[in-house]
Amino acid sequence: MKPSALPAFMATALLLACQPSNPVPVEYLAIKGATLFDGTGAIRPNSIIVIREGRIESVGGPELPIPEGAEMLDLSGKFITPGLVDAHVHFGQTGFFDGRPDALDIRDTLDYAELQSYLQLHPERYYEAYLRSGVTAVYDVGGYPWTLGLQAAAENNLNAPHVAAAGPLLTPVPDENLTAINTPAQKQLLNLKSPEFGREAVRQNSSLGSKGIKIWGLDLNNAAFMESLRAVAEEVERQQNTLIVHATDLDQAKEALRLGARVLVHSVDDKLVDDEFIALAKQARAVYCPTLVVVRGYLNAYKALQSDFVLADPNRAVDSGTRNLLQSAGLFYKYMPNPDGYTDMLTRMEASLSAMDSVMATNLKRVYEAGIPIAVSTDAGNPGTLHGISIYDEMEAMQRAGIPAAEILVMGTKIGAQTMGRGDDFGTLEAGKMADLVILEQDPTQDIAHMRSITHVMRGGRLRLVNQPFATTTNPE
Ligand SMILES: [Zn+2]
């Protein structure tokens, strides 16, 4: 049924009911009365936002005229933010160990190559988890070549978040140590073996449309690797691509910035950042992605092998496959290489995590106070860090580190969109941008945990209730 065939009052009624099996996009809609946070840091109480054919036509206060012919939706007492952006995810990982055999090898039960074939064919498994968590755009910062294809497919699919993807990663790790996280058919991690190999990889990824070239670890004492890395950095510049670096050590992160890294996908977690780091980050115009919760996610996933995984997911946004795996995690305890040392391992992890959390929190505050752009980023897909809902944990950890909730909201919307190269399209609620937004019951600038009070998400003008599953059979876009 075409939406234009519906009488106006019926379209609104359907929109409010948000029939999950066949949601009706209203082509011309005015939402009034909500307190609107537009993603720039501005607040509009008693707002009006007019949405036409998937884009924002105008935003203003109560004086803004409501155009004739627009449906009206009164959201007085509610809150609106732009759709959230997760600037660090991996579609080739599941949130459990089946996607990370290097962390716990359960391949005898769940075949890894088969998993990758499945994920390639069924990215909707996570699309819905993202949208129903209020995340309308994600940056996959490293994965199999097939992840590059998600960009175009997701863009025109209102059941998916926008996707930017970097594709295969370059690393100093030798090929023989990468067999567990590559498949025989496709590689996501490539050993950077020579300058020419690196340049060719950059050219190839760029020609396939990669949004970023990701380096997984630096080996500062390996002169040959560093020479290859310099060649990669030059080629990234030549291809007008973006250098993305995983470097959690201060010395590595500094070297990455000297080479022109534009995105640091993790916190510095071994030492406190210093003036030199801040100066280098400013010079490189780099974005800092804290990923505060991912390591704790691993701990939680290991714990789940012997006790229940705590899933804070009242809307059941997490896909059923992941949910089932986590709930049956005990079946995989037998794969622990050293079961006798299991409890000790958890204790050691907990202790080192506490120290690391403290360093990461201090560094985040310092980076924030220095005015370096920060994007909300989870590293979702790693064991225990679930696609979609983990963004709430991450934002709450940022708040505990001392970042004001109103600032986290900007980091999780505007800055994230800019990081993935889409700042002109979404990330803020301004005239001309795509109509991607979230409706909340509670004010997220009072406490960022209020993002959990989400009731609806809109992607490209299509509004849905987040506590209802999407249709599995229809995909009208
Ligand atoms: Zn990652």
Side-chain angles (χ1 to χ4, degrees), residues 85-104 115-116 119 123 126 129-130 135 137-148 150-151 161 163-173 178 180-182 187-190 192 205 210-218 242-249 252-253 256 261-269 286-301 322 353 356 360 364 374-391 393-394 397-398 412 416 419-420:
V85 180
D86 189 335
H88 185 160
V89 311
H90 299 284
F91 278 100
Q93 298 186 45
T94 62
F96 194 63
F97 295 111
D98 54 335
R100 285 304 292 258
D102 55 326
L104 183 65
L115 170 73
Q116 289 304 325
L119 293 176
Y126 305 129
Y130 279 113
V135 178
V138 295
Y139 195 0
D140 185 320
V141 292
Y144 286 94
W146 61 261
T147 58
L148 295 171
L150 301 180
Q151 300 178 106
V163 176
L169 310 91
L170 294 163
T171 177
V173 179
L178 296 171
I181 37 176
N182 284 327
K187 285 186 175 177
Q188 61 174 335
L189 280 154
L190 308 170
L192 176 50
N205 260 7
S210 79
K211 290 282 184 71
I213 300 294
K214 167 90 167 278
I215 310 300
W216 196 55
L218 271 63
T242 301
L243 188 64
I244 305 174
V245 179
H246 167 125
T248 55
D249 292 2
Q252 288 188 21
R262 297 293 297 275
V263 185
L264 292 180
V265 291
H266 289 287
S267 287
V268 170
D269 64 16
V287 179
Y288 188 84
C289 299
T291 63
L292 299 176
V293 300
V294 63
V295 181
R296 189 160 294 278
Y298 273 88
L299 177 62
N300 292 338
T322 304
L353 253 174
M356 198 194 282
M360 289 194 296
L364 176 57
I374 295 163
V376 172
S377 54
T378 61
D379 213 352
N382 278 274
T385 302
L386 306 188
H387 292 283
I389 62 168
S390 62
I391 200 158
D393 294 332
E394 180 69 26
M398 292 169 80
T419 304
M420 60 190 278

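Counting starts at 1 for both ligands and their atoms, following the listed order.
- Paired with I389 under the rule side-chain contact (heavy atoms from CB on, under 4.5 Å), one option of L386, I391, T385 passes, and it is L386.
- Residues meeting the salt bridge (charged side-chain N to carboxylate O under 4.0 Å, His left out) test with D393, sequence neighbours left out: R452.
- Checked options M398, E394, M360; the residue passing with V293 is E394 (criterion: side-chain contact (heavy atoms from CB on, under 4.5 Å)).
- Ring planes of H387 and F91: parallel class, angle under 30° (limits at 30 and 60°).
- In this structure, V138 and V135 approach most closely via the heavy-atom pair CG1-CG1, 3.6 Å.
- Sorted by chain and number, the protein atoms of type N, O or S within less than 2.8 Å of the Zn ion (ligand 1) are H88 NE2, H90 NE2, D379 OD1.
- With no hydrogens or angles considered, a side-chain donor-acceptor pair links T378 and D86 at under 3.5 Å.
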